[in-house]
Structure formats: structure tokens, C-alpha cells
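The model shown is predicted, which means the values in this text are computed figures rather than measured ones. We use all heavy atoms of the structure for the numbers below, so side chains are in, but hydrogens, waters and symmetry mates are not.
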Amino acid sequence: MARKYFGTDGIRGVTNGANMTAAMAMKVGMAAGAHFRRGDHRHRVVIGKDTRLSGYMLENAMVAGFTSVGMDVVLLGPMPTPAVAMLTQSMRADMGVMISASHNPYGDNGIKLFGPDGYKLSDEDEMAIEALIDGSDVALAAPPEIGRARRVEDARGRYIHFAKSTFPEELTLDGMKIVVDCANGAGYQVAPAALWELGAEVISLGVTPNGKNINDGVGSTAPELLRETVVAAGAQLGIALDGDADRLIVVDELGRVVDGDQLMATIASGYARAGRLRNGGLVATVMSNLGLERHLATQGIGLVRTAVGDRHVLEAMRAQGYNVGGEQSGHIILSDYATTGDGLVAGLQILAELVRAGAPASQVLHRFEPLPQLLKNVRFKGGKPLDDAAVKAVIAEAEAELAGTGRLVIRPSGTEPVIRVMAEGDDAGQVTRVVDRICDAVRVAAA
């Protein structure tokens, strides 16, 4: 059954557009609060947000919604998504909320919901909440049972303490110069503080949010300033978070970007060496480079692939017992520590590997040579072009051509009318020709 409001990562849209208004946020609060009211105890919800201007509006609307159905609200202020998940657990709340649109521009916003275990909601929970949003059977609290709201002032300190606890006690960052780019987003206070408290000399970028500059020329989707600063400052490493700090990319001392595939390979290798890599492998999506898979195989480390989205990665990790997973984009989930992607915690694991190696990041983090990979998008107006017989024939021909030397991944976008065509292989020219042939066929079918 198709979902009306929830996408691959909560509810997201343009602020004051169709699905991201104050009225909608209040409805979500009422529906989610009603859904999670279980038992006679005093119910509690934890709410965090990033630094978008619209966060004030949506936060207050959600407070109204939750309190109207009898839930008490704990406000965290600007905090990373993984901090909200962690504090939902540690404060024994009935649910958690993160108001953020991640790496999107400031005009967008979103609502991510977590259950009492700190994990994102199941499809069943989301469908039940959607039914309540559109229904009229949400029971309002009697006047004496209306919820209260309070702001927790030490939330940042709690998360900083948690993040530091994931860094090995026997190691220190003394003597390291680290540039951290917080995207003018949710991690702008906690990330530099945690690194400094562990002994690093910290140069901070993207730590002056004004409500409109989140992800604007800074952060994991715009690493150029980070690259320039690392080289100019003579830093050992650069770390860039996205707007809600649940993913990262890294820049080595030479200014070269290290993506999520290389970071997962580094962490998994270190865990395997220490005997703590569960199930002998890691989980990644179909978009991770074939070079990662080949590299891991040389070390006897397995790779399980899932559909695109950190949600699918986490589901496979939980079902099959893995403790390392993530995406090429930098969502890295380390289930020994967190229930969702955590850019700061993943960055600390990378720093631990650097300290142990005693070698430059350029030598430690580039674990394999990525195969040539090309991704193109084809926009269409309607219908199902991938069901067209001619398109199917071209795809089958391409798969046969790449057999044994590469991969082909073709999928419709989950958020817009776009077909994504990705190929990779040992021969860059062949990869380009294959992608172009398929894109041409899809365009003809969609015309």
C-alpha cells in the first residue's frame, strides 16, 4: 500500500508547501502522539531540530500537537539526528522527533520519527500514523491530562559525552590538527567541542548558522572549502557533516575527498583486525562501488547489498547481525554505538584508525581504486518506461555486455519522476556507452 506522506526518510517537503506546514506538523504530532500512547504512564516525546528558520514554526506546531493528546515534550534545540535517537533511549521517552531536511537547502524541512528504542519507525507504524493524520478519531486529552513542554539545557553535553565514549580510551587526538565543517547545521556546537575535548586542535567551518545558510556552500555535499582549508592549514584531516549530522565525508591531508565506501572499508578492516566485525562482513547499498566489494573479498570480508537508503541498510544489519553498514554518500551506521547513521561517531572511528596507523590519511584511507562509475537521470512525465519491451531489451543486452566485468543498477527514484541509470566496470568507455544507450531507450519510451 502506497504511503501518502512518509517517504524514504520521514516526511519532507518545501516549507509552507503541500505537506510541510504548521498545520501539518500539528497533525503529525497529534497522530504520532495518539499512536504511541500505550498504557497509563505519563508519556514523553523528545524533539530536536537542525538550524533552519522554519524549525521554530514546526517545533512549536508539533509541541501543540503532542501536548493536545496528553504527551509531555522535551525540547533539545539544535541537535544531530543521532543525538535525538540516543536521547530518546536514554531518557526513556516513548518516541523521538527530528525536524530536519538533512542535506537539502534551507527552504525545505522534514519530520523524522523514532520509536522508544531509538530506531526509525516501521512501515506499519508509519501507515498507522498516516491513517490518523487523515482521520478524525484522534482522542484529545482531558484538560487535566494536557501535556507540558520543557527545554533540556544539558542535551549537548550528554551527546558530547556519548560521542567521546565511542573513541578508544587508550588513544588521544593530541597533536592532531583537524578541520571540521558542520554545514551550518545541527552539529555546529557538538562536533567541534567533542574533537577539542579529545585533544585535537580544531579549525571549525560552517558553525555560524543564521537560519538560511544550512548546507549553503559548506558541509558534506559541498567539500571544496573544506579541501582548501585542510591544505592551507596543514591539517591531518578534514571532516564534513551534513545538515543533520547523520553522515559525513572526509578529506585527507592532500585535499582529496574520501567517500563512504572508503570509510566503510577502513572501519570494517579495523574491526576485523580487532576481532569485533560481526558476521564477517558489512552491509552497503547497490550504489556502493564494485571496487569496495572486490577489496573486501581480498581480506575475507563479505558484503551484503540492499536497496538505496540507510533505512534498508539498517534493516539488513538488524536482521542478519552485522554491526557495520552504510552508503557511499557517507551514511555510516555502527550498531555497536548507534541506531542510525552518526557522522561524528563514524568520524571518530576513522580518527582512531589514523592514530593507530601512525600514518597520513592519504595512505590509510584510500583502500581501493574505485571502478569507473557513471550515474545519469532520465526524467519522465508518466507511465512506466522500464516496462517497455524495447527498454527491457537494451537493459538485457547491457547486462550481458558487463557480465563478469561490471554492474548495472537501474531504478526509479522514490522522490521524483526520474529513472536513475548507473553502470560501473573496468572499462570507462564501455560504462559510458552502456549508460547512454539505456538512457536513450528510456527517453524514447517515455516520449
Side-chain angles (χ1 to χ4, degrees), residues 2-35 45-69 71 73 75-81 84 95-114 120-121 126-127 129-136 138 140 147 149 151 182-188 206 208-219 221-222 242-246 379 413-418:
R3 291 181 291 183
K4 182 177 179 181
Y5 302 116
F6 285 92
T8 55
D9 195 15
I11 302 171
R12 189 175 296 184
V14 177
T15 305
N16 281 342
N19 290 334
M20 201 47 56
T21 62
M24 180 63 177
M26 186 172 71
K27 287 182 180 179
V28 173
M30 294 171 66
H35 178 67
V45 57
V46 170
I47 300 180
K49 62 180 180 179
D50 64 21
T51 56
R52 293 164 210 269
L53 181 62
S54 57
Y56 295 101
M57 175 185 79
L58 298 176
E59 178 186 58
N60 285 320
M62 295 203 79
V63 169
F66 282 118
T67 55
S68 73
V69 296
M71 291 193 86
V73 179
L75 297 171
L76 305 178
M79 290 287 285
T81 289
V84 174
M95 64 176 301
V97 177
M98 179 63 181
I99 301 172
S100 174
S102 189
H103 57 280
N104 287 24
Y106 87 93
D108 293 348
N109 217 328
I111 298 170
K112 302 180 185 182
L113 302 178
F114 297 91
K120 292 177 182 177
L121 301 190
E126 290 183 348
M127 292 299 294
I129 291 170
E130 284 203 353
L132 290 170
I133 290 173
D134 284 337
S136 58
V138 173
L140 298 178
R151 192 168 296 276
C182 300
N184 289 318
Y188 81 101
T208 55
N210 61 16
K212 300 179 180 180
N213 61 359
I214 188 170
N215 302 314
D216 185 8
V218 286
T221 55
D242 67 338
D244 68 335
D246 67 350
R379 190 167 292 276
S413 167
T415 58
E416 55 184 332
V418 163

Exercise for the section: Please list, chain by chain and in numerical order, all residues satisfying side chain to side chain donor-acceptor pair (under 3.5 Å) with Asp9, sequence neighbours excluded. Expected result: Lys112, Lys120
Exercise for the section: Could you verify whether a donor N or O on one side chain and an acceptor N or O on the other, from Thr15 and Asn109, lie under 3.5 Å apart? Expected result: no
Hey, does [Y] have a side-chain heavy atom less than 4.5 Å from the side chain of [X]?
{"X": "Leu58", "Y": "Met20", "answer": "yes"}
{"X": "Val138", "Y": "Val69", "answer": "yes"}
{"X": "Lys49", "Y": "Leu75", "answer": "no"}
{"X": "Met95", "Y": "Met71", "answer": "yes"}
{"X": "Ile111", "Y": "Val97", "answer": "yes"}
{"X": "Leu113", "Y": "Phe6", "answer": "yes"}

Shortest non-hydrogen separation from [X] to [Y] and the atoms involved:
{"X": "Ala64", "Y": "Met26", "answer": "CB-SD, 4.1 Å"}
{"X": "Gly217", "Y": "Ala222", "answer": "C-CB, 3.7 Å"}
{"X": "Ala149", "Y": "Val63", "answer": "CB-CG1, 3.9 Å"}
{"X": "Pro80", "Y": "Ala245", "answer": "CB-CB, 3.6 Å"}
{"X": "Ala183", "Y": "Gly243", "answer": "CB-N, 4.1 Å"}
{"X": "Ala22", "Y": "Ala61", "answer": "O-CB, 3.2 Å"}

Roughly how far, to the nearest 0.5 Å, is [atom2] of [Y] from [atom1] of [X]?
{"X": "Ile129", "Y": "Lys27", "atom1": "CD1", "atom2": "NZ", "value": "15.0 Å"}
{"X": "Leu121", "Y": "Met127", "atom1": "CG", "atom2": "CE", "value": "13.0 Å"}
{"X": "Met79", "Y": "Asp244", "atom1": "CE", "atom2": "CG", "value": "12.5 Å"}
{"X": "Asp50", "Y": "Met98", "atom1": "CG", "atom2": "CE", "value": "5.0 Å"}
{"X": "Tyr5", "Y": "Asp134", "atom1": "OH", "atom2": "CG", "value": "3.5 Å"}
{"X": "Asn215", "Y": "Ser102", "atom1": "CG", "atom2": "OG", "value": "7.5 Å"}

Give a yes or no on whether the backbone of [Y] and the side-chain of [X] come within a donor-acceptor separation of less than 3.5 Å.
{"X": "Asn184", "Y": "Tyr188", "result": "no"}
{"X": "Asn213", "Y": "Thr208", "result": "yes"}
{"X": "Arg52", "Y": "Ser100", "result": "no"}

Practice task
Would you please test Phe114 and Val46 for side-chain contact (heavy atoms from CB on, under 4.5 Å) and show each step?
Solution key: CA-CA 9 Å; Phe114 297 91; Val46 170; over 6 Å; no
Handout entry: side-chain contact (heavy atoms from CB on, under 4.5 Å) between Ile47 and Ile99, worked out
Key = CA-CA 8 Å; Ile47 300 180; Ile99 301 172; 4.0 Å; yes
Handout entry: Step-by-step side-chain contact (heavy atoms from CB on, under 4.5 Å) determination, Met57 to Asn16
Key = CA-CA 10 Å; Met57 175 185 79; Asn16 281 342; 3.7 Å; yes
